[in-house]
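Reviewing the structure listed below.
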2 protein chains.
Amino acid sequence: MSDNDGGKAAAVPHAGMKHVPRQASRQPSIKDIARLARVSHPTVSRALQNSPLVNAETAAKIRKIAEDSGYRASAVARGLVTRHTRTIGLVVTTVDDPFASEVTCGIEEIANDHRYAVILANSHADPERERRVVQELAERRVDGIIVTSSRVGALYLPLLKELEVPIVLVNDQYPGEFVHSVMIANRDGTRAATEHLIELGHRRIAYLGDRGGYQSDAERLAGYKEALAAAGIDFAPELAAEGDGRPEAAIEAMDALLQLHHSPTAVCCYNDMTALGAMRAIRARGLRVPEDVSVTGFDDLFFAAYLTPTLTTVRQPMRRMGQMAMENLFKLMSGQTSGQASGQDSVVQIKVAAELIVRGSTGKAQKHEGNHA
Amino acid sequence: MSDNDGGKAAAVPHAGMKHVPRQASRQPSIKDIARLARVSHPTVSRALQNSPLVNAETAAKIRKIAEDSGYRASAVARGLVTRHTRTIGLVVTTVDDPFASEVTCGIEEIANDHRYAVILANSHADPERERRVVQELAERRVDGIIVTSSRVGALYLPLLKELEVPIVLVNDQYPGEFVHSVMIANRDGTRAATEHLIELGHRRIAYLGDRGGYQSDAERLAGYKEALAAAGIDFAPELAAEGDGRPEAAIEAMDALLQLHHSPTAVCCYNDMTALGAMRAIRARGLRVPEDVSVTGFDDLFFAAYLTPTLTTVRQPMRRMGQMAMENLFKLMSGQTSGQASGQDSVVQIKVAAELIVRGSTGKAQKHEGNHA
DNA sequence: TTGTAGGCGTTATCAA
DNA sequence: TTGATAACGCCTACAA
């Protein structure tokens with residue numbers, strides 16, 4: 001008998017049982033069930049997978065026994081032999097960022113539908129840490145990885161090649177054969193927001209960005225510049241400020257803008273969190289939004305419609321983008337297991353449309369405020 | 001040779017290689033490394049674990065080879081033999097709830113410090129689904145589970161007994177030997193908030209709760225009632241309304257309160273999201289906060305200090321609570337592996353203090369508004 | 001200090 | 001329809 005425990009399964013702890021309170025008794029294994037049902041373990045395996053090649057009666061009997069004994073097949077053991085874990089890794093800067101948590105929700109939703117588990121890892125926007133967590137995910141043999149707002153960029157390529165795990169990036173991209181992505185139309189978004197401000201008569205418009213060095217920020221800044229250029233307004237470097245994507249830093253940056261000799265009458269923010277800080281800084285100086293300064297955000301987080309005034313912003317379908325990333329990843333994963341060349345020539349880069357939502361934080365420029373310094 | 005692949009490791013795919021683009025070549029295994037280093041695989045295992053029982057030179061050589069070949073030990077295989085996965089399961093109602101994401105952050109932080117991975121699962125506040133995801137976590141052989149805002153309550157007990165996995169609940173508790181918890185002092189929190197309103201002269205104070213049936217809500221309602229009773233104010237059932245913990249539902253509920261013949265001059269909300277909706281509803285009727293109606297929240301989410309007016313609320317150290325839950329779980333897990341009776345008589349129920357943060361959304365009651373209907 | 005042997009709990013591949 | 005038997009990749013004795 002090559003059995004591991006010779007019969008002292010959870011159910012029947014005979015032998016040397018002294019008075020051990022609650023022996024950390026193993027969960028029942030497939031062999032325990034097999035013994036109870038008087039069949040071989042492969043049969044149990046088949047029965048539990050509803051294989052047609054097993055007698056209906058014995059299958060029912062087996063399932064009953066398994067049920068009664070609280071048997072739960074070990075995904076660990078299964079993963080070892082099947083070579084896939086039904087697990088994906090998700091790397092976000094930090095989940096307490098509303099953008100990340102919305103995307104995460106979309107991902108989890110689709111993953112869960114397919115009975116995949118999601119391992120969550122925070123990179124804290126630290127490239128080094130990001131690399132480390134990706135490595136750890138690889139050790140855990142995740143079937144795929146999604147990374148949002150990556151900071152690593154080019155550093156990925158060699159790692160990816162090595163990992164041989166499909167990866168999808170959200171709101172970042174890297175021009176390589178291994179990297180697929182889902183991105184919002186950043187440039188279109190801020191261009192639309194800036195055009196809207198221009199239409200309202202603003203000429204002195206600031207851009208309050210993110211110093212994190214994200215591709216998103218570069219693109220949004222570009223969209224802002226495009227709109228200015230199209231309207232014949234010179235880009236004023238002193239009007240391009242930087243926060244870190246969170247309200248606190250935005251306050252400082254906005255305050256500095258307001259202290260400029262010829263301060264802006266409108267500000268196009270990198271995202272809604274930044275806009276939150278900008279609005280606060282504006283009010284702190286006794287100015288009003290939008291009468292004195294108009295503000296636009298980006299993301300359309302849940303609170304945007306609840307602020308006073310409500311926030312004009314560029315909507316990003318975050319949850320949907322998460323879903324798309326996950327669906328995309330599933331495609332890649334199935335393509336890979338089916339022995340296909342892992343989508344070398346089918347790099348998918350999905351671009352999602354951005355939508356300007358006009359609300360109360362933007363208004364007409366004051367007449368008396370000029371257009372040149 | 002009992003080797004699995006007879007030498008055709010990732011490095012040397014000889015034999016029948018036709019023109020297969022990129023053979024899904026296995027990641028190198030410990031045996032591959034052993035062969036390359038001309039030692040046995042246990043030696044490799046030891047070297048990689050920095051075991052002192054291996055010659056320093058050979059260890060170095062082995063590590064170099066492992067490094068060069070991109071070897072990453074399989075956590076799956078390791079988990080199978082060590083019987084623990086260095087993985088914990090986290091069940092939240094939904095990660096896009098700011099409270100949940102803050103808690104999640106704290107958990108992930110501590111887990112990551114210990115090189116544990118976190119599997120994220122959303123219950124969507126559905127007891128059935130909650131049970132299902134917990135089962136799945138068990139199949140994946142997580143070493144522990146944390147559940148926030150559980151809806152299952154009593155249903156857990158039998159399941160837990162069966163699972164034999166340590167569990168920690170956040171903001172819910174169940175009086176059983178298997179369930180440990182970290183909770184905020186709900187009752188103290190709303191009592192303090194309500195007392196604050198009473199001190200401001202309010203007598204007609206509403207409570208805007210959560211119909212989800214959470215223990216938190218019951219406790220917060222109790223705290224509100226306590227404060228009223230202490231001040232000799234009768235509890236008016238018509239002033240106890242219910243939302244669902246999100247702004248939209250709160251708008252409706254608040255609006256109904258405002259339509260009461262003798263409407264409230266202040267409202268104590270279940271949480272900040274609810275307060276967000278309440279404030280909007282108040283404004284929608286042309287009333288002002290706090291001049292006409294004062295509002296208090298609960299949680300102190302990031303946006304509370306950025307609203308206009310800023311929100312008076314009960315602070316809950318969410319991230320810290322997540323950390324505590326995780327630290328607690330680690331204690332339970334180590335106690336278990338060390339062969340202890342899994343903490344039967346050491347059920348830990350941590351109660352965290354709530355702190356009232358007074359800001360701008362609460363003000364003195366108007367003189368002309370009476371105190372009885 | 002190193003190697004041999006065995007087992008962790010599954011699924012897969014054969015025969016029977 | 002079922003049962004032996006062999007992996008999967010690692011770790012842990014125990015032996016050398």
Side-chain angles (χ1 to χ4, degrees), chain A residues 1-6 9-10 24-35 37-62 66 69 71-86 138-141 337, chain B residues 1-6 8-10 24-35 37-62 66 69-86 138-141 337:
Chain A
M1 167 183 293
S2 77
D3 259 5
N4 44 336
D5 59 4
S25 54
R26 274 186 18 274
Q27 296 214 4
S29 86
I30 198 171
K31 287 188 186 172
D32 297 321
I33 307 304
R35 197 176 322 106
R38 301 182 183 288
V39 293
S40 66
H41 46 277
T43 299
V44 174
S45 176
R46 286 186 279 254
L48 264 29
Q49 286 173 84
N50 299 313
S51 161
L53 325 95
V54 60
N55 181 292
E57 268 181 55
T58 50
K61 179 174 114 193
I62 290 171
S69 54
Y71 170 74
R72 255 177 294 275
S74 162
V76 178
R78 178 182 298 133
L80 187 57
V81 39
T82 63
R83 290 149 140 328
H84 46 272
T85 53
R86 281 195 159 256
E139 282 193 9
R140 287 172 186 279
R141 298 296 189 265
T337 45
Chain B
M1 167 181 294
S2 77
D3 259 6
N4 45 334
D5 59 4
K8 61 174 196 301
S25 55
R26 274 185 21 271
Q27 295 214 4
S29 87
I30 197 171
K31 287 188 186 172
D32 296 321
I33 307 303
R35 195 176 323 105
R38 301 180 181 289
V39 294
S40 65
H41 41 277
T43 299
V44 175
S45 175
R46 287 185 278 255
L48 265 28
Q49 287 173 82
N50 300 313
S51 161
L53 324 96
V54 60
N55 181 292
E57 267 181 56
T58 51
K61 179 174 114 193
I62 289 171
S69 55
Y71 171 73
R72 256 176 294 275
S74 162
V76 178
R78 179 181 298 134
L80 187 56
V81 37
T82 63
R83 286 142 139 339
H84 48 271
T85 52
R86 278 192 162 260
E139 283 193 9
R140 288 174 183 280
R141 298 296 189 266
T337 47

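Letters A, B, ... mirror the listed sequences (proteins, then strands); counts begin at 1.
Remark: C1' of C:dG9 and CD of A:Gln49 are 13 Å apart, rounded to the nearest angstrom. Taking atom CZ of A:Arg78 as the reference point, atom P of D:dC10 lies 20 Å away to the nearest angstrom. Between A:Leu53 atom CG and D:dT2 atom C1' the separation is 10 Å, expressed in whole Å. We find that CG of B:Leu48 is positioned 16 Å from C1' of D:dT12, with the value rounded to whole Å. To the nearest angstrom, P of D:dC10 lies 12 Å from CZ of B:Arg35. Residue B:Glu139 contributes atom CD, which lies 12 Å from atom C1' of C:dT10 at whole-angstrom precision. Rounded to whole Å, atom C1' of C:dC8 lies 9 Å from atom CG of A:Leu80. We find that NE2 of B:His41 is positioned 14 Å from P of D:dA7, with the value rounded to whole Å.
Between B:Arg83 and C:dG9 there is a side-chain polar atom (N or O) within less than 4.0 angstrom of OP1 or OP2. Taking side-chain N and O atoms only, B:Thr82 has no distance below 4.0 Å to OP1 or OP2 of C:dC8. Proximity of A:Ser40 to the phosphate of D:dG3: a side-chain N or O atom is located under 4.0 Å from OP1 or OP2. Considering only side-chain N and O atoms, A:Ser29 lies nowhere under 4.0 angstrom from the phosphate OP1 or OP2 of C:dC8.
Here A:Ile33 contributes atom CD1 and A:Thr43 contributes atom OG1; the two are 13.5 Å apart, rounded to the nearest 0.5 Å. Between B:His84 atom NE2 and B:Arg141 atom CZ the span is 14.5 Å, to the nearest 0.5 Å. Summarising the geometry, atom CG belonging to A:Asn55 is positioned 12.0 Å from atom CZ belonging to A:Arg46; distances are rounded to the nearest 0.5 Å. Rounded to the nearest 0.5 angstrom, B:Arg35 CZ and B:Ser29 OG are separated by 7.0 Å.
Every side chain to side chain donor-acceptor pair (under 3.5 Å) that B:Ser45 has, sequence neighbours left out, goes to B:Gln49. Evaluation of the side chain to side chain contact (heavy atoms under 4.5 Å, CB included) rule for B:Ala138 yields A:Arg72, B:Leu163 as partners, not counting sequence neighbours. In this structure B:Leu80 satisfies the side chain to side chain contact (heavy atoms under 4.5 Å, CB included) test together with A:Val76, A:Ala77, A:Leu80, sequence neighbours excluded. Residues satisfying the side chain to side chain contact (heavy atoms under 4.5 Å, CB included) criterion with A:Ala73, sequence neighbours excluded, are A:Tyr71, A:Arg78.
A:Ala59 approaches A:Val54 most closely through the heavy-atom pair CB-CG1, 4.0 Å.
B:Val76 comes within 4.0 angstrom of no nucleic acid atom, judged by non-hydrogen atoms across all strands. Within the nucleic acid shown, A:Ala73 comes within 4.0 Å of sugar-phosphate atoms alone, with no base atom in reach, counting heavy atoms only.
Considering only the side chain of B:Asn55, C:dT1 comes nearest among D:dT2, C:dG9, C:dT1. Picking from D:dC10, C:dA12, C:dT2 the nucleotide with the shortest atom distance to the side chain of B:Ser74 gives D:dC10. Distances from the side chain of A:Pro42 to the nucleotides C:dT2, D:dT5, C:dG9 place D:dT5 closest.
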Pull out every protein N or O sitting under 3.5 Å from an N or O of nucleotides 14-16 of chain D, one pair per line with the distance.
none

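Remark: the backbone N or O of A:Thr85 is paired with a side-chain donor or acceptor of B:Arg140 at under 3.5 angstrom.
Each of A:Ser45 and B:Ala59 has a nearest nucleotide on DNA chain C; the 5'-most of these lies closest to B:Ala59.
Direction change of the helix axis from one end of the helix from C:dT1-D:dA16 to C:dA16-D:dT1 to the other is 40°, with five pairs defining each end axis (rounded to 10°).
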